[in-house]
Structures are given as structure tokens and as C-alpha cells.
Amino acid sequence: MYDCSTLSIVPPCLPGETTLKPALKLLLSRLSQPDDAEQAASFGRWWFDMQSKQWIVSMGAAELLDVDMGLHHSLASTFAQVIHDDVALLTSALATDPTLPIKCEFRIINETAGLRWLRLISVPQQLLKQGVLAGVLVDITATKHAALRERFSFESTQFLVGSYSLGEAITKVIRLVCETLGWEWGAYWSLEQEQMGANKLICRYYWDSTNDKLAPFTQNSLTTHIPTGAGLVGSVWSTARPNWVEDMVNDHSFLRRKSALACGLKSGYAFPVSYVTADGRRHSPGVMEFFSCLSRQKEAQLPNLSATIGTLVAQTVQRLEQQAHIRQLAQIDDLTSLTNRNHFHQLLDAACLNASVSNTNFGVLFVDLDRFKPINDAFGHEAGNVVLREFAQRLRKITADNGEVGRLGGDEFAILMTKKVSIAQLKVLAERVLQAANQPFSFGDRELSVSASVGISVFPEHGWTSAELMRTADAAMYRSKKNGRNALSFFSDDNGENQEKQSSLVKQLTMETELHRALVNNEFFLEYQPVFDSAGTRMVAIEALIRWRRANGDIVLPDIFIPIAEQSRLIMQIGRWVVKQACKDLALLQQAGFDDLQVNINMAVPEFVSPSLPEELMVIIEACGLASHHLCLELTEGLVMKQPEKVIPVMRTLRQYGFKISLDDFGMGHSSLSRLKTLPISSLKIDRSFTKGLPEDRGDCAIVRTILDLGRHMHFTVVAEGVETDAQLVFLRQFGCTLIQGFVISRPKPLQELLAYLPLKT
Ligand code: C2E
Ligand code: MG
Ligand code: MG
């Protein structure tokens, strides 16, 4: 430790030194020579005379503080470069009891090195008796930068799982960089395609720490579209390299030079927001830039730090875009880009709620194309698709901003007129829909013609709920069909149940009776589909899938009868039968040597909202001698999101009992990511419709990878369902999917066949 009392040379008196204690004068004289220790360990020394409030700083300390070496008559002159906010910190640290150690961290803006973090520490020494404090100053910028990198990683994960929008997430990053690295203004430029098809960089988000002092520069940035390759931002994007502007006054290639000069900006730094994906592709969504009113010169640590930030932001941008894409996929019909059935029902629900609160009315049109099937049969699906797409466009044009058009499926469309309209206006609209259908459609050099049947219902006369309104509009549409097609009808009570509707109701009731009989006659059976690890070496679980063998030998699949069973108490009985049978079969498999095997059981809505479910399941597994962690309940995402207040408490109890829970068909529902975070689940199953497009469909690839990332971040196991090909398998393995289910490994099989197929354990 440095001891000031060892100094012996008497220095000449300099102005202001007269009040200095002799020991300090001695010190001052030695300072003009460089100190090897200071240079080797990059620190500096200081002394503070508490009586005269004068400071002495060594050569090392002066360099760090960016002031002159030697004597300073005040704190203000010694710490002239300290950031205003930190001066108070420093003053209060020095005002404490001088016999106690002082430790204080503060920031300075160094004209050449930019923002630095310094630590001031006092050291015990003999001069303290004479009222002189002494100590060292250390540059801790590198440590702070390392902590900053950590913080960026953490925050970017927060952005991913939190409910931030892209704008909020990026603005937070810009602000964090400005505040930590001492820039006054920062922005994110995003690469976008303009109407003419050219790529331009557009300033999307910015942060200004100066209370709008830089407003002209902000304005200039927000209105400038920069071609790739041009100026600072464009060249950083093109070269994928960071760049400094050391002297804006003389840099004529800087496109916003005029407004920058007017605002007093002098230097800047820009770096690419980009990263290279695991498969070697560079993803470069934009550029970040930061400016200062100081003439800052190149800082050695910045490129490293900016590479970390650039990568994290690029990954966040890509993930948030993928999430938006997933959300959009859940709401948009692929073929026509109209609102899909599910989302249309949600909009209708919301419209019912609004209208009942505001005491208004609105109309719904149900539109079905006539003679569409013959077009498909005669000219192929592509011809059918052309008609559907073009008709969708026409409906959109007619509706304009007054309502929402949805495709319900096949050749069925619906229009929700959200603006208050009269019956006469609804009739005019329906007539325009008929005309739109009557206009010919071109397919190559052919002209195709169809017509439409339209049914109209009105809130609240024909229904208070979306289900009622759709049913009455549908019934009215059937009347138009019965009246010879190419017609419109309003719903009226004398519509009655038209024949088709009646027959479908009769079919449903008949099936319900048959299902009751099937339970009594033991006509249900289970098939099991294995879930393997992605290497294909270990069977981890089996999924129980119910089938119904009718008396005549026909096999009926669950998609046909489960929805009907769900409409009555029948589903509870069928569900319990499945659990009991699956547990019995699992016990057999475990006896055969598969002692760690798990069975996955699908659960329907009514089964799952029953609070007694956990107890009932415990009774069943105990009777079969199984442990609760061998049972995994599969719930569809939609089920959880529909009634979270009822479902989540049951889920929690099940998890406490040790059962596993998997979110089935993930990606198709409407889970908000923030809710997903709180769900007590152990795994996710990627919906079959996403696996299908692998590895050719870029959208599906992006979605699957996002779900895999999500699983990793939230510590869920991810199972890919419906894997049919080796190429899909390769893709899933490459991106770290651990569990696989699908025809590529095995189709669902009855227990006996499964036992024969499996290599028995010894
Ligand atoms: P899920 O739970 O998503 O089950 C997976 C479905 O995908 C099964 O159809 C299975 O046969 C099929 N599958 C598996 N691998 C592939 C593949 O590689 N390619 C293709 N194209 N399909 C594959 P399944 O057996 O027809 O079951 C349909 C749905 O019925 C199930 O979807 C599930 O939601 C429901 N379900 C089945 N059993 C039960 C049950 O016991 N209770 C309830 N509530 N629902 C059940
Ligand atoms: Mg399932
Ligand atoms: Mg599924």
C-alpha cells in the first residue's frame, strides 16, 4: 500500500500551494514522474485535504478523470467530467466519517474514451491524522460491460416470454445502451420492402435522452428512408460491420448531417442487428445507431459488446415476428387471407357483447356458393381455389370498412356488419353479394360461373349470442337454397328447422343413442401410438387413442364421435373408460419390462373441469399399481384458454399429485405467451399441421423452431406430432426436438400388436 509519509523532496511553491500542508507539497513534487505501479496496474491515486478542500491527483488518476494532473482547488474541478447524476453520489460518499472506508462508483464522460465507469476507494494511511484522505481510482468499465452483456441476455429472454411488443422491447434496449454507455440518442432501423419492391432501411424506434433537444434530428431520421449500401446505416447493413463516425462536421457521406450539426451531434456508432442461424443463414433485420454531442473516438470494447447486442436484438426481432406470425396463422384463412372460422366467431362474440352494452343492433350474412363443387370436380382444386380467392376479394371490397368478412370453411363465407345498419341496407348489401358471385371468374382462358345463396340474421331479434346468430343466418341461407339458389332470405321463425338441419340433428341424436349402446356392449377399444426419443432408440410414452367398432364391423375414428359425445354427459363415461383401460394396459406393459413407460391420455373439456378428477384418477392408478408420474393428461390448448379459471386450479392439483400434463395441438389455439408462462404443464405437443410443412415450408419451419426455443426457455419437453417422413425427422433432430410421435415410427396399434412390435426388454 502506498504510504505518503515516505516522500522527502521539498517542491517549489506554485500558485495556490501556500495553504497546502507540507506533506502534500512533498507529494505534489513527485507526481510529475510517471509511476510504474500505476501504469502496470492501470489505476490512479488521489489525496484530499479535508480542511482546505483541495485535491491532488496522480498522473494515472488524471488520465482516468480526464483532468490535469496535480493540484485542484475544488471537487468541481477534480471531477469536472463526472456525469451530472453521479456527482451527488460522490459528494455524499466523501461527506461520511473519514475514519470509515470510502467506496463509490461513478461514471465520467471521457472526450476520447467515451463513457467510463470508475471506482474510488480510500486507503488507510498516516496522513489521515493531519486531515488528509487518500486512496485509489480504478477503471471498472470492462467489468460493467460484462455485467451489461449478462443483463442484455437476461432482458432479451424477458422480452421473449413477456408481453412486450417489438417496439417496446427494442426501445428498452436502445435506452439501456444509451444510459449505460453514455450516448444521447439511439435508434433502430428496420429493413423493409417499399411498395416498388426496393429494400429500404426505415427508422422505426428511437430513444432521446435530451428532452427533445435533438427533436430536429429525430424528425429527420423518421422521415428518411435509406437505401441499403447508402450512408452510415445503409453501409453498416450491407457490410454487416459496425462503423464509427468520429467527426460528423466533416463527414459528408453522413446523410442526416445537416440536422445532426444543427443539434450539435458530433460522433456516432452504428452496428448491424444480425445473427447467423444454426444452419448457417444470416438473418439481418436492421441496424442500431447511437449518437453523442461529444467527439468520441473509437472505443476498443464496443465492437464486442455491440456484436452481443446485435445478435440478441436480431433473435428477439425474429422470435417476436414468428410469434406474430403464429398468432396471425391462428386467425387468418390461408387460402383467402380472410378471417378464419374460429376468429370470426370471436369477433362475433365481441360484437354481441358490445351491442348489448350499447343497446344497438347489427347484422350477419351467411353466404354459401352454389354450384361450386362441380367446378372443383371438373377443373380441379386450383380452379376452385381461384374462385374462392377472387370471391373473397370481391366480398372484402363490398364490405369495405363497414364490417368483417370471414371464410367459415369450404365455400362458406360470412359477413359481420359491425356498423349500425338498417334492414334495407342489409338487403342492399346481400344483393351486392349475389351480384359479386354472378360476375364470371377467369381461370386461364376459361370463364367459370357460380352463384350464391345468402341468409341474414339480425342482433338481437334473431339471437343474442354468436351461436344463435350463426344458426339463424345459416337456416335463412338454407331457405335461399331451397327457393332455387341465387337468392337472399332474412331469418324468420317460420323458417322452422329445414330438412337438412333436421336430418343432421336426427343423425346426432341417433349417434348419441348408439354411443350409449356402444359403452354397454363394449364396442370401444384403444390403440396406442408410441412416442420415441428423437434418436429412435427409446420408447418414452404411448398415447392412448380411442376407436369405436360398430356392430357391423365398421371402425369409427374419434374425430367423428368425440365431438358428439362431448355434447352430453356421455363423454364423462367414455373418458373414465379410457383412463381405466389405458391404466390396465400400462400395468401389463410395465410387467412386460417397460417399467418406466408413460401413457398419454386425451381429455375433453367437461372431463377436465370437474374438481373431483384428481381424486378419481388417484383411485384408478392405485387400483392398477401405477405411480402418478406414469400418467400424462393431454389437453388441447383451446380447452385451457376457454375456461382458464376452472381448468387451471384442476391442473395445479393434478400436478401436486404428480400427474403430468401436456398441451396438445400447440400452436392452433390462442394461448397468450404470458399465460403460458403460468400454466402448470410439463410438455407441449407441436400440432400436426406445422410438422406437415417441414422442411420445405419456411413458415412452418420458423414456427416449429420458435416452439422448440420456447420449450427450451420455459423448460417444457416438446413432442413433435404427426412426423411422417425422414426429412421431417432430420429437421426436428437438428433443431433439438427431443420427442417424436408419428407414422414414421409407428402408426397407432392395438396393445397385442404393439407388444409384438416392440423389442421386449429382458
Ligand atoms: P391427437 O391427440 O392430436 O392425436 C393424434 C392424432 O394424430 C391421432 O388421430 C393419430 O392417429 C394421428 N397421427 C399420429 N401420427 C400421425 C402421422 O404421422 N400422420 C398423420 N396424418 N396423423 C397422425 P386419431 O386417433 O384419429 O385421433 C384424433 C383426435 O381424437 C386426437 O388427436 C384426440 O384429440 C382425439 N382423441 C383420441 N382419443 C381420445 C380419447 O380417448 N378421449 C378424447 N377426449 N379425445 C380423444
Ligand atoms: Mg393427443
Ligand atoms: Mg395432437
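We count ligands from 1, going down the list as the structure has it; atoms in each ligand are counted the same way. What you see is a predicted model, and the numbers here were worked out from it, not measured in a lab.
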Element-labelled atoms of ligand 1 that are located less than 4.0 Å from some non-hydrogen atom of [X]:
X      : answer
Ile546 : 38 (N), 39 (C), 40 (C), 41 (O)
Asp665 : 3 (O)
Ala604 : 44 (N)
Asp559 : 28 (C), 29 (C), 30 (O)
Glu721 : 1 (P), 3 (O), 4 (O), 5 (C)
Gly742 : 15 (N), 18 (O)
Val723 : 18 (O)
Asp664 : 1 (P), 2 (O), 3 (O)

Could you give me the CA-CA distance, side-chain angles and deciding distance for Arg712 and Asp709, then say whether salt bridge (Lys or Arg N to Asp or Glu O under 4.0 Å) is met? CA-CA 5 Å; Arg712 243 191 312 278; Asp709 275 355; 2.7 Å; yes
Verify salt bridge (Lys or Arg N to Asp or Glu O under 4.0 Å) between Glu514 and Arg550, making sure each step is shown before the conclusion. CA-CA 9 Å; Glu514 286 176 338; Arg550 282 172 176 274; 3.1 Å; yes
CA sep, side-chain torsions, deciding dist, call: Phe659, Ile621, side chain to side chain contact (heavy atoms under 4.5 Å, CB included): CA-CA 11 Å; Phe659 293 103; Ile621 58 160; 4.0 Å; yes
Pick one of side chain, backbone, both or neither for how [X] approaches ligand 1, counting any non-hydrogen atom pair under 4.0 Å.
X      : value
Val578 : side chain
Glu527 : neither
Val744 : neither

Looking only at heavy atoms of [X], does any of them come nearer than 4.0 Å to an atom of ligand 1?
X      : value
Glu543 : yes
Glu724 : yes
Arg547 : yes

Could you tell me whether some N/O pair between Gln741 and ligand 1 is separated by less than 3.5 angstrom?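 No, no N or O pair falls under 3.5 Å.
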Please determine if the Mg ion (ligand 2) has an N/O/S atom from Asn600 lying under 2.8 Å away.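 For Asn600, the answer is no, given that no N, O or S atom comes within less than 2.8 Å of the Mg ion (ligand 2).
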Backbone or side-chain N/O/S of Glu634 under 2.8 Å of the Mg ion (ligand 2):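 For Glu634, the answer is yes, given that an N, O or S atom comes within less than 2.8 Å of the Mg ion (ligand 2).
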Between Phe443 and Phe379, does the ring centre distance come in under 6.0 Å?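 No, the ring centres sit 6.0 Å or more apart.
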Is there a side chain to side chain contact (heavy atoms under 4.5 Å, CB included) between Leu570 and Leu519 once you walk through the steps? CA-CA 9 Å; Leu570 249 176; Leu519 259 175; 3.8 Å; yes
Using the six-membered ring wherever Trp is involved, compare the ring planes of Phe524 and Trp577 and label them parallel, tilted or perpendicular (cut-offs 30° and 60°).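 Tilted: the ring planes of Phe524 and Trp577 meet at 30° to 60°.
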His283 vs Tyr275 aromatic rings, parallel, tilted or perpendicular, using cut-offs 30° and 60°?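 Plane angle over 60°, so perpendicular.
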Interatomic spacing from SG in Cys624 to NE2 in His630 - rounded to 0.5 Å: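 Answer for the SG-NE2 pair, Cys624 versus His630, is 13.0 Å.
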Just so I know, are the side chains of Asp664 and Glu721 near enough to count as touching, which here means a heavy-atom distance under 4.5 Å?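 They are in contact (side-chain heavy atoms under 4.5 Å apart), so the answer is yes.
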Before accepting this row, confirm whether a basic side-chain N of the pair [X]/[Y] lies closer than 4.0 Å to the acidic partner's carboxylate O.
X      : Y      : answer
Arg747 : Glu527 : no
Arg576 : Glu607 : yes
Arg389 : Glu382 : yes

In Glu543, which N, O or S atom comes closest to the Mg ion (ligand 2)?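 Closest N, O or S atom of Glu543 to the Mg ion (ligand 2): OE2.
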Of all the N, O or S atoms in Asp664, which one sits nearest to the Mg ion (ligand 2)?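 Of all N, O or S atoms in Asp664, the Mg ion (ligand 2) lies closest to OD2.
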